[in-house]
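A quick write-up on the structure given underneath.
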Amino acid sequence: MLDFDAVSSAFELLGSSASAWVYLLPGLLIGLVFGAMPGISITMAMAIFLPLTLYMDFLPAIIFLTAIYTGAGFGGSVPAVLMNIPGTSSALATTFDGYPMARAGRHNEALGVALASSVIGTLSSYILLLLLIVPVSAVVLKLGPLEMFAIAVWGMLLLGSLSGNSVARGLLAGAFGVLIGTIGMNTAGYVRGTMGVPWLLDGVPVIPAMMGLLAASQLLNLINTTYLIENEEDRGISFAAILAGAKTAIRYPLIMMRGAGIGVVIGSIPGVGSSISNLISYSETKRNAPDAETFGTGNPKGVIAAESANSSSEGGAMATMFALGIPGGGATAILLAAFAMHNVVGGPQFIANSKDIVYAIIFTNFAQAVCLMFVGLLFVYAAAYIVRVPLRFLIPSVLAVSTFGAYAISNSLSGPITLFVFSLIGWLMLRYGYPVAATVVGMLLGGLLEENLIRTLQISRGEFSYFLERPGALAIFALMLVSIGLTILNSNRRKRLERSSEIGS
Amino acid sequence: MDRDNARRRVEWGHLVLLALIIGSAIAYLLDARATSTATNNIALVQPTSVFVFILGLLVLSQAFPKTDGDDAETRASERAELIRVGLLAAAFGVFILSLETLGFDLATLLFVAGGLYLCGERRVWVIALYALLFTLIVVSGYQWLVPFPFPMTVL
């Protein structure tokens, strides 16, 4: 699996080039700051600094950009935990338990849990990448629309666990989200639901809609509250509590490994990536947890599941980029642009001819993950002070910053208008007990579901036998059914145990 | 619960939300079918819209919850809260619609100042100073970060 000659060349390369290390820390810091700002995506942060890398050698340039990638990947979790704003769709599941933890005065712990899970997720994904780069890329090439559809359906299972007290309201919110996600021109070229608005042809802008549903609606609701954390004694900023949060994360290696595995596999699929992996990991963790009913109310396991999956997706996306030369998303597209700027072409040829460089990049990513732990600790310590800012300052400020972010994403008023409309819908949904997160999940998966359903129908010509020709899709559906079956068995066993202990007492 | 005292009240906001969800699902389905009834167009939209419609009808009764009779004080405080939320939402809407006419700088300054007042800050110098500093920092920060220009009036 490992080419030891290439490994020793990689070490030589890194040992002899100080410039490879110089850009690591600045890259991480840039990523953290940009990632924590609403509306500044990982791609945007990397794109801003791409021209700078023209004056660097190839290896330092890629290390600098991957450090921004790693930093921004975690940076997005900070506003997700503290303000319920998932700066990117990959931090969505972090809000489910991270924000309730912060509101309950466990903000330090939540940030520590998120940081440690991200660091370990990134580390594990690069270890997996080191060992599995070739087989993973072979699997990715075999994935067709039916397999993608199966993955999207797997993501939809999360709707069941987001429903809260009323399953009907949860399903309604989720299905409403799916409809919103399909607005615009579909993959077959049909235009629906745009109401004549030209910018809706590309669909409803997802990030502004997500910010409106999750964050702006919450802010409107908080107008009669004085602080994010109402109890003054709970508003402390504690380094010890952040570290305790990190220790909590380490206590759940199984959740982290499952998250990392899901992250690497889903992250390696072009166009799917971390925005789905965090949802599937959260859903699977909740389904298998003995305390499933506490998910969504501030269970650190939810944060661990989400963060380990979204950060490990980076390794998966890099595997596809290295092995196939295919960008899985915006960030890897920027990396490929940096490759091109240095006259390097990604893909199988690159892996075959430059294994030492690939290994060197993987090894510096180990170093990045370790550095992230220390830099991230200082960063979250400073960021946690937001809980001490009175909400009368925070509410208009965050609404204004979100508007800037929404404009920055769309380069037109379409982003801010979407933000506003969805903040009103989100506020109404919150007020009457509808899970807004279910709508967001539906919205994220709606387009993916429809696109792959149509492609599957086109390829199969409506023949059911096509399913039998796709062992990959059958395996995903079987895994999903096994997972649901085990959940039902576990839950029945738990109920029986509870009943027998009640009778015993 | 004492059945004699239990009355049903209408949650008007809930009804508006359900009307919005059900109405938009029906309108979307009709629009999609008007575009084309080909499978490639309605394979997901049609069943999902019908599902939303049925679920919406099932949930409709929840917009008329039973109540033991409202406490006048609770109702008054709820109304006051709703008015504040409404005012802030209206200010937010005006801010967004004025971004291109007033410019991001001026609109942000006015919205942050107004928002601070609506959220309970009464010291005029704090409102003025905070709104000014915040606008300067955010506007210059985003102008530096984002590769395309934001419409501005002063900055």
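On a predicted model such as this, the values are computed, not experimentally measured, just so you know. We name chains A, B, ... by the order of the sequence lines, and we start the count at 1 in each one.
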Tell me whether the count of non-hydrogen atoms from other residues, nucleotides or ligands lying under 6.0 Å of OH in B:Tyr117 goes above 12. no
Between B:Tyr130 and A:Ser397 the two heavy atoms that sit nearest each other are OH-OG, 2.6 Å
Are any non-hydrogen side-chain atoms of A:Tyr432 and B:Val59 less than 4.5 angstrom apart? no
Can you tell me which portion of A:Asn186 sits under 4.5 Å from chain B's heavy atoms? Options are side chain, backbone, both or neither. side chain
Region of A:Leu424 that comes under 4.5 Å of a non-hydrogen atom in chain B: side chain
Assess the residue pair B:Phe92 and A:Leu220 against the criterion (side-chain contact (heavy atoms from CB on, under 4.5 Å)); give the C-alpha distance rounded to whole Å, side-chain angles, the decisive distance to 0.1 Å, and a yes or no. CA-CA 10 Å; B:Phe92 188 41; A:Leu220 293 177; 5.5 Å; no
So which part of A:Val421 gets closer than 4.5 Å to some heavy atom of chain B, the side chain, the backbone, both or neither? neither
Where does A:Ile180 contact chain B at under 4.5 Å (heavy atoms): side chain, backbone, both or neither? neither
Report the relative orientation of the aromatic rings in B:Phe104 and A:Phe404; use parallel for angles under 30°, tilted for 30 to 60°, perpendicular for over 60°. perpendicular
Report yes if some heavy atom in the side chain of B:Phe51 is under 4.5 Å from a heavy atom in the side chain of A:Phe176; otherwise report no. no
Does any part of the side chain of A:Tyr434, heavy atoms only, come nearer than 4.5 Å to the side chain of B:Leu18, both counted from C-beta? yes
Measure A:Ala188 against the heavy atoms of chain B and call it side chain, backbone, both or neither at under 4.5 Å. side chain
If you count heavy atoms of other groups shown closer than 6.0 angstrom to CZ of A:Arg461, is the number above 12? no
Rounded distance (nearest 0.5 Å) linking atom CD1 of B:Ile96 with atom OG of A:Ser423: 6.5 Å
Partner chain B: residue of A:Thr187, A:Ile454, A:Ile223 with the largest heavy-atom pair count (under 4.5 Å): A:Ile223
Provide the closest heavy-atom pair for B:Ala25 versus A:Leu179 in the form atom of the first, atom of the second, distance. CB-CD1, 3.8 Å
Residue, of A:Ile183, A:Val178, A:Leu449, that accumulates the most heavy atom pairs under 4.5 Å with chain B: A:Ile183
Can you give me the closest heavy-atom contact between B:Phe148 and A:Ala408, atom names plus distance? CZ-O, 3.1 Å
Heavy atoms, side chains only, cut-off 4.5 Å: are A:Tyr407 and B:Pro151 in contact? yes
As an exercise: rank A:Leu391, A:Thr226, A:Leu399 by heavy-atom pairs under 4.5 Å with chain B and give me the winner. A:Leu399
Quick one, B:Ile42 and A:Tyr190 - any side-chain contact, counting heavy atoms below 4.5 Å? no
Structural part of A:Met429 lying under 4.5 Å from a heavy atom of chain B: both
Which heavy atom in A:Leu172 sits nearest to a heavy atom in B:Gly56, and how many Å separate them? CD1-N, 3.9 Å
Close side-chain approach of A:Arg169 and B:Gln62, heavy atoms under 4.5 Å: yes
Work out which heavy atom in A:Arg192 is nearest to a heavy atom in B:Val45; give both atom names and the distance. NH1-CG2, 3.5 Å
Name the region of A:Leu428, side chain, backbone, both or neither, that has any atom closer than 4.5 Å to a heavy atom of chain B. both
Nearest 0.5 Å, what's the CD-CG distance between B:Glu100 and A:Leu413? 3.5 Å
Taking the side chain as every heavy atom from C-beta outward, state whether A:Glu450 and B:Thr48 have any atom pair closer than 4.5 Å. no
Side-chain touch A:Val401/B:Phe134, heavy atoms, less than 4.5 angstrom: yes
Of all heavy-atom pairs linking A:Gly446 and B:Leu44, the shortest is O-CD2, 3.8 Å
